[in-house]
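Encoded as structure tokens, the structure appears first; notes follow it.
Quick note on labels: first sequence line is chain A, next is B, and so on, each numbered from 1. Atom set for the values below is all heavy atoms of this structure, side chains included, hydrogens, waters and symmetry mates excluded.
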There are 2 protein chains.
Amino acid sequence: MNILSYGLLGLLTREESSGYDLMLKIQPHWQAKHSQIYPLLSKMENDELLASRWVQQSDKPDKKMYAVTEKGIEKLLGWMTTPVTAPVTRDEFNLRILCVGIAEDGSMRRILNERKNWFMERIRYFEDLKSRIPQDHLRVGSREFGSYILVQKGLMNAQTGIEWCNWVTQLLDGQAAIQDPCPSISEK
Amino acid sequence: MNILSYGLLGLLTREESSGYDLMLKIQPHWQAKHSQIYPLLSKMENDELLASRWVQQSDKPDKKMYAVTEKGIEKLLGWMTTPVTAPVTRDEFNLRILCVGIAEDGSMRRILNERKNWFMERIRYFEDLKSRIPQDHLRVGSREFGSYILVQKGLMNAQTGIEWCNWVTQLLDGQAAIQDPCPSISEK
DNA sequence: TTGACCATGTAATTAGTTACATGATTAC
DNA sequence: GTAATCATGTAACTAATTACATGGTCAA
């Protein structure tokens, strides 16, 4: 049982879903390909944490719907009381920045712009996710409350990323002093 | 050649370092254990991207110092012109939040507090890193400029994380309306 | 004396990605 | 017709973690 397994288990307590559904639902919060998810679901079914049934569809391919078992819920509740592990971020961008000094002069600006665009794309992505959450689920304690606050987290992080990009650009342009703290820091 | 390899290569263009040194230097920007770094360095030396020599120390164990070769620099420059891949973050916290509804009432506040403390610890960590960068290296184009802006990035992200935790806490306390945008978003 | 730091490595395992494989429907 | 979406799986590989293994110095 790795972390992803618990995430899938958690999503399945909300509603019965296919592996494909789960892949789409977990994407915003944990990147995983279908090739990792399908075997994991099989394994969990084998361990009797999940139960499955095939559902025929007329227009689309048949799908295998999974649901959590009593044993699965117990497992999930057990996980909920364990300490949360620290996040792991791996960003090639950081390593690029670290050795940008050895490349030609424009490369810093190039990757900075690339990253800023990526953050803007992220904002569009999260805004879209947010718009898909039904209004009546935006209450504390409602089923989608978790999704809502996580989307907001994603938006805030992307916003901060853009602010950082702007700050570095200003430094490169000589429009800001190097010791100047970043906007977000100075506000606190 | 994975991303980490290029990061190590990049650090080595700054100065000759041991595997142990590299492990410490890369930590803030890319988490990797010594057990991954040592074999990678061996492999890169085998590919003639690096050269090594043993240095005896009286008080501490002997160390193997690595330096980039001409071939290594070429490899690094080639990498610098390739498109930067998107960052990957895996955070158990997100999956917890997603299924916090099925646990007892206090669990949301518990993990929220846990995470806020982690962010505060992060700020101390990055402030410490920042204080170790010599003042005369805080210029655009200086050797440590990349480290400096990355540390600032880490500080900004942690700050945003704390703001998000506070926002969610207010929601739980009923002190903020659910549709209220987060502080950082509203400013833009 | 116990734990942290220095220093290097290998072995075993898990987690995650890429590629292989198939096939229907729908929208441009 | 060509790409995207739906839908499920396996095989091969790479990346990363955990565990095994050793051993000296220094500080609380």
Side-chain angles (χ1 to χ4, degrees), chain A residues 1-9 12 16-27 29-47 50 52-66 79 85-92 94-95 128 132, chain B residues 1-9 12 16-27 29-47 50 52-66 79 85-92 94-95 128 132:
Chain A
M1 290 291 286
N2 53 20
I3 297 171
L4 176 57
S5 311
Y6 290 106
L8 297 172
L9 218 47
L12 284 168
E16 193 190 33
S17 312
S18 68
Y20 192 83
D21 291 338
L22 289 167
M23 177 190 62
L24 295 177
K25 286 178 195 166
I26 204 117
Q27 266 332 305
H29 316 293
W30 190 283
Q31 286 114 295
K33 318 276 167 152
H34 73 274
S35 53
Q36 192 184 7
I37 291 172
Y38 288 126
L40 226 51
L41 290 170
S42 288
K43 202 182 151 279
M44 283 195 279
E45 190 180 16
N46 231 272
D47 295 343
L50 299 180
S52 73
R53 64 186 182 97
W54 279 94
V55 172
Q56 270 136 307
Q57 296 184 117
S58 49
D59 49 338
K60 291 184 245 174
D62 296 354
K63 57 182 178 179
K64 198 196 239 173
M65 298 294 279
Y66 285 95
W79 174 62
T85 56
V88 175
T89 300
R90 277 182 229 278
D91 193 349
E92 181 177 350
N94 289 352
L95 302 185
D128 180 59
R132 284 169 206 284
Chain B
M1 288 290 286
N2 54 19
I3 297 171
L4 175 58
S5 311
Y6 289 106
L8 298 172
L9 218 48
L12 284 168
E16 193 189 32
S17 312
S18 69
Y20 192 83
D21 291 339
L22 289 167
M23 178 192 63
L24 296 177
K25 286 179 196 168
I26 204 115
Q27 266 334 301
H29 316 293
W30 190 283
Q31 286 113 294
K33 317 274 168 156
H34 73 274
S35 53
Q36 192 183 7
I37 291 172
Y38 288 126
L40 227 51
L41 290 170
S42 288
K43 204 182 150 277
M44 284 195 278
E45 189 180 16
N46 231 272
D47 296 342
L50 298 180
S52 74
R53 64 186 182 97
W54 280 93
V55 172
Q56 271 137 306
Q57 296 183 117
S58 49
D59 50 338
K60 293 182 244 174
D62 296 354
K63 59 181 175 177
K64 199 197 238 174
M65 298 295 277
Y66 285 95
W79 174 64
T85 57
V88 176
T89 299
R90 279 182 229 278
D91 194 347
E92 182 177 350
N94 290 352
L95 302 183
D128 181 57
R132 284 170 205 282

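When the side-chain nitrogen and oxygen atoms of B:N2 are compared with OP1 and OP2 of D:dA15, one or more of them lie within a distance under 4.0 Å. Here A:Q57 reaches the OP1 or OP2 of D:dA7: one of its side-chain N or O atoms lies under 4.0 Å away. Contact between the side-chain N/O atoms of A:Y38 and the OP1/OP2 oxygens of D:dG9 is not found at any separation under 4.0 Å.
Computed from coordinates, the A:L41 CG to C:dA15 P distance equals 15 Å when rounded to whole Å. Atom C1' of nucleotide D:dA15 and atom CD1 of B:I3 are separated by 10 Å, given to the nearest angstrom. Per the geometry, NZ belonging to A:K43 stands 13 Å off C1' belonging to C:dT13, to the nearest Å. The nearest whole Å value for the distance from the CG atom in B:L24 to the C1' atom in C:dA4 is 13 Å. Rounded to whole Å, the distance from CH2 on A:W54 to P on D:dT8 is 6 Å. Counting to the nearest Å, the P atom of C:dT25 and the CD atom of A:Q56 are 15 Å from each other. As rounded to whole Å, 13 Å separates atom C1' of C:dT8 from atom CG of B:D21. Put simply, CG on A:L22 is 13 Å from C1' on D:dT8, counting in whole angstrom units.
Of the residues listed (B:I3, B:I37, B:L50), the one engaging B:L8 in a side chain to side chain contact (heavy atoms under 4.5 Å, CB included) is B:I37, and it is the only one. Between B:Y66 and the options B:M44, B:E45, B:E16, a side chain to side chain contact (heavy atoms under 4.5 Å, CB included) holds for only B:E45.
Within the 4.5 Å cutoff, side-chain heavy atoms of B:L95 are placed close to those of A:I26.
The backbone N or O of B:W30 lies less than 3.5 Å from no partner atom in the side chain of A:R90, so there is not a single donor-acceptor pair. In this structure, the side chain of A:D21 engages the main chain of A:S18 through a donor-acceptor pair within 3.5 Å. The closest donor-acceptor contact from the side chain of B:Q27 to the backbone of B:A32 lies under 3.5 Å.
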Heavy-atom contacts, protein to nucleotides 17-28 of chain D, under 4.0 Å, summarised as B (base), S (sugar-phosphate only) or - (none) per nt, yield BBB---B-S---
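Where A:M1 and B:K63 meet DNA chain C, the nucleotide closest to each residue was compared, and B:K63 sits on the side nearer the 5' end.
One end of the helix from C:dT1-D:dA28 to C:dC28-D:dG1 points its axis 50° away from the other end's axis, with each axis taken from 5 pairs and the angle rounded to 10°.
Closest contact between the side chain of B:Y66 and the listed nucleotides C:dG9, D:dG9, D:dC6 involves C:dG9.
The shortest heavy-atom contact between B:S17 and B:L12 is N-CD2, 3.5 Å. Contact between A:M65 and A:V55 at its shortest, heavy atoms only, is CG-CG2, 3.5 Å.
More than 12 heavy atoms of other residues, nucleotides or ligands sit less than 6.0 Å from atom CD of B:Q57.
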